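Quantities reported herein were computed from a predicted structural model and do not represent experimental measurements. Throughout, a chain's letter reflects where its sequence line sits, starting with A, and its residues are numbered from 1.
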There are 2 protein chains.
Amino acid sequence: MPRADAARNRALLIEAAAAELSEHGLDVSIARIAARAGVAKGTVFNHFAGKEELVAAIFCEQLGALAATGEALLHHADPWEALVRFMTAAAELQVRDRSFCEAGAATSRTDPAVRAASDRLARAAEALTARARDSGAVRADVTGHDVVLLLSAATQIAAPLAGSRSDLWRRYLHLVLDGLRPAAAHDLPVAPPTHRDFTAAAG
Amino acid sequence: MPRADAARNRALLIEAAAAELSEHGLDVSIARIAARAGVAKGTVFNHFAGKEELVAAIFCEQLGALAATGEALLHHADPWEALVRFMTAAAELQVRDRSFCEAGAATSRTDPAVRAASDRLARAAEALTARARDSGAVRADVTGHDVVLLLSAATQIAAPLAGSRSDLWRRYLHLVLDGLRPAAAHDLPVAPPTHRDFTAAAG
DNA sequence: ACCTGAACACCGTTCAAGT
DNA sequence: ACCTGAACACCGTTCAAGT
């Protein structure tokens, strides 16, 4: 069992890291996080193997929260509206937290905790997508894995103008959503990603 | 007028930087670029104010090449096909060059050379979009500025799986293109970006 | 006028010394 | 068992000394 001060320092570090990462993104320094937590720089490496593992810990929490939002939306009456709210929640999380997008690209998929959280999110996305597809609101050739990848589309498209037009992601979320509707569906040139593709992506 | 060895070193640096950036992305070290060019580290700072300006120089060349592609496609018979080829060319450039996406986000928009190249690209995109819109192939509420922002959408959506599925961006390019068609068009919640938004985005 | 390489301030990470 | 801060190898950048 952990020593009392160690458990406290770990909690302080996670809290400080979450705050600094959301404000300044992935390139915030370890020194800054340690200072905010009130511990020495070296203490960070007593609790986490390196910066990447610390970032992964925060990233997991956010993935879990987003998955929970998706699971709750499965009980929403309108399958299309449920999917829209799920993707909106993901975009709002990314606007709120600068590091979330960056972590999704940078964090290692070999980390078991990240994989577990990703899988849970994928299951929620697949269930929401299946419901919307079966109801005819979403085109037949789109999968839950597609939706997972599309979660960061709107904010990334709008990112270059995020400084001057902070709400622009809403425009591109709706443009992407229109692409998911059956009305304009044309054949897609390559197969959807599989679970295997996600686990095999070394990065 | 520049000294002979200075002009030669500048050319060598740009060539080395372009190669290293396309292979390793923005986080390649100045030391590595200088070594590849066969000059001392300090020489880089005789020709460029810093790493950002060196990256901007490479970025400008690529923006110019893409703009030229767009201008040539204005003479294509089919307006929709011209737009598709323009967006495909942009995606292929991003797959070929790891640094291009990153530079678009990181490079300062205050640099006059970057601004000039961006404006040229924006004009080409606007002309291609107007033609496709007037022909009825593209929905009425989409602008050339939208298309500029959408140029990196497909590759960024597919980025997490680029290692295992290098052609996946084609799927999302077509999904985004389906969103641009009039058939599935629903009202977009916020106004398109303006030229002012692009110049005001401080980064 | 330009090139060079030592020097500086930073970063993430390691580790011997403490408690 | 954990915390600490000095030390290390890196990075981008500066600049005095050369030619």
Side-chain angles (χ1 to χ4, degrees), chain A residues 1-21 23-59 98-99 102-103 105-108 110-111 114 203, chain B residues 1-21 23-59 98-99 102-103 105-108 110-111 114 203:
Chain A
M1 65 200 84
R3 225 166 62 181
D5 57 344
R8 182 173 147 74
N9 280 341
R10 193 177 206 281
L12 284 171
L13 271 172
I14 287 192
E15 188 183 334
E20 290 293 333
L21 284 168
E23 289 170 29
H24 305 107
L26 275 195
D27 48 359
V28 72
S29 73
I30 293 281
R32 206 184 156 99
I33 293 172
R36 179 158 185 157
V39 301
K41 241 180 5 170
T43 302
V44 175
F45 296 90
N46 280 325
H47 293 276
F48 305 95
K51 189 177 184 178
E52 193 175 333
E53 193 178 301
L54 175 56
V55 170
I58 311 293
F59 185 55
R98 273 195 54 175
S99 74
E102 301 169 341
T107 214
S108 84
T110 52
D111 186 321
V114 172
Chain B
M1 65 200 83
R3 225 166 62 179
D5 58 344
R8 182 174 147 73
N9 280 342
R10 193 177 207 281
L12 284 171
L13 271 173
I14 287 191
E15 188 184 332
E20 290 292 335
L21 284 168
E23 289 170 31
H24 306 106
L26 275 195
D27 47 0
V28 72
S29 73
I30 293 280
R32 205 185 157 99
I33 293 172
R36 179 159 185 156
V39 301
K41 242 178 9 168
T43 302
V44 175
F45 297 90
N46 279 326
H47 292 277
F48 305 94
K51 189 177 185 177
E52 193 175 333
E53 193 178 301
L54 175 56
V55 170
I58 311 294
F59 185 55
R98 272 194 54 175
S99 75
E102 301 169 342
T107 215
S108 83
T110 52
D111 185 320
V114 172

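- Within the shown strands, D:dA7 is the pairing partner of C:dT13 under the Watson-Crick or G-U definition, both distances less than 3.5 Å.
- Here the P atom of nucleotide D:dG12 and the CZ atom of B:Phe48 are 15 Å apart, to the nearest Å.
- The NZ-P distance, from B:Lys41 to D:dC11, rounds to 8 Å in whole Å.
- For A:Asn46 and D:dC3, the shortest distance from a side-chain N or O to OP1 or OP2 is below 4.0 Å.
- Looking at heavy-atom distances under 4.0 Å, A:Val39 makes contact with sugar-phosphate atoms alone, never a base.
- Contact between the side-chain N/O atoms of B:Asn9 and the OP1/OP2 oxygens of C:dC2 is not found at any separation under 4.0 Å.
- Between D:dG12, D:dC2, C:dT14, one nucleotide has an atom nearer to the side chain of A:Phe45 than all others, and that is C:dT14.
- If you find the closest nucleotide of DNA chain D to B:Gly50 and to A:Gly38, the one lying nearer the 5' end belongs to A:Gly38.
- A 3.5 Å limit on both hydrogen-bonding distances identifies D:dG18 as the Watson-Crick or G-U partner of C:dC2.
- Residues from residues 24-32 of chain B that place a heavy atom under 4.0 Å from any atom of DNA chain D, listed by number: B:Val28, B:Ser29, B:Ile30.
- Mapping B:Thr43 and B:Arg3 onto DNA chain C via the closest heavy atom, the residue that lands nearer the 5' end is B:Arg3.
- Atom CD1 in B:Ile30 sits 9.0 Å away from atom NZ in B:Lys41 (nearest 0.5 Å).
- Distance B:Leu21 CG to D:dG12 P: 11 Å, rounded to the nearest Å.
- Distance A:Leu13 CG to D:dC2 C1': 13 Å, rounded to the nearest Å.
- Here the straight-line distance linking atom CG of A:Leu21 with atom CD1 of A:Ile33 works out to 5.0 Å at 0.5 Å rounding.
- Between B:Ile33 atom CD1 and D:dT13 atom P there is a gap of 11 Å when expressed in whole angstrom units.
- No option in A:Arg36, A:Arg98, A:Lys51 other than A:Arg36 meets the salt bridge (charged side-chain N to carboxylate O under 4.0 Å, His left out) test with A:Glu20.
- Listed pair A:His47 / D:dC2 fails the phosphate criterion, with no side-chain N or O lying under 4.0 Å from OP1 or OP2.
- A distance of 13.0 Å separates CZ of A:Arg10 from OG1 of A:Thr43, quoted to the nearest 0.5 Å.
- Side-chain atoms of A:Glu53 never come within 3.5 Å of backbone atoms of A:Phe48 as a donor-acceptor pair (strictly under, hydrogens ignored).
- The distance from the CD atom of B:Glu102 to the OG1 atom of B:Thr107 is 12.0 Å, given to the nearest 0.5 Å.
- Between B:Leu54 atom CG and D:dG12 atom P there is a gap of 11 Å when expressed in whole angstrom units.
- When all heavy atoms of B:Ala18 and B:Ile58 are compared, the pair lying nearest together is N-CD1, 3.8 Å.
- Distance CG (A:Leu12) to P (D:dT4): 11 Å, rounded to an integer number of Å.
- Summarising the geometry, the separation between NZ on A:Lys51 and C1' on C:dG12 is reported as 8 Å, rounded to the nearest angstrom.
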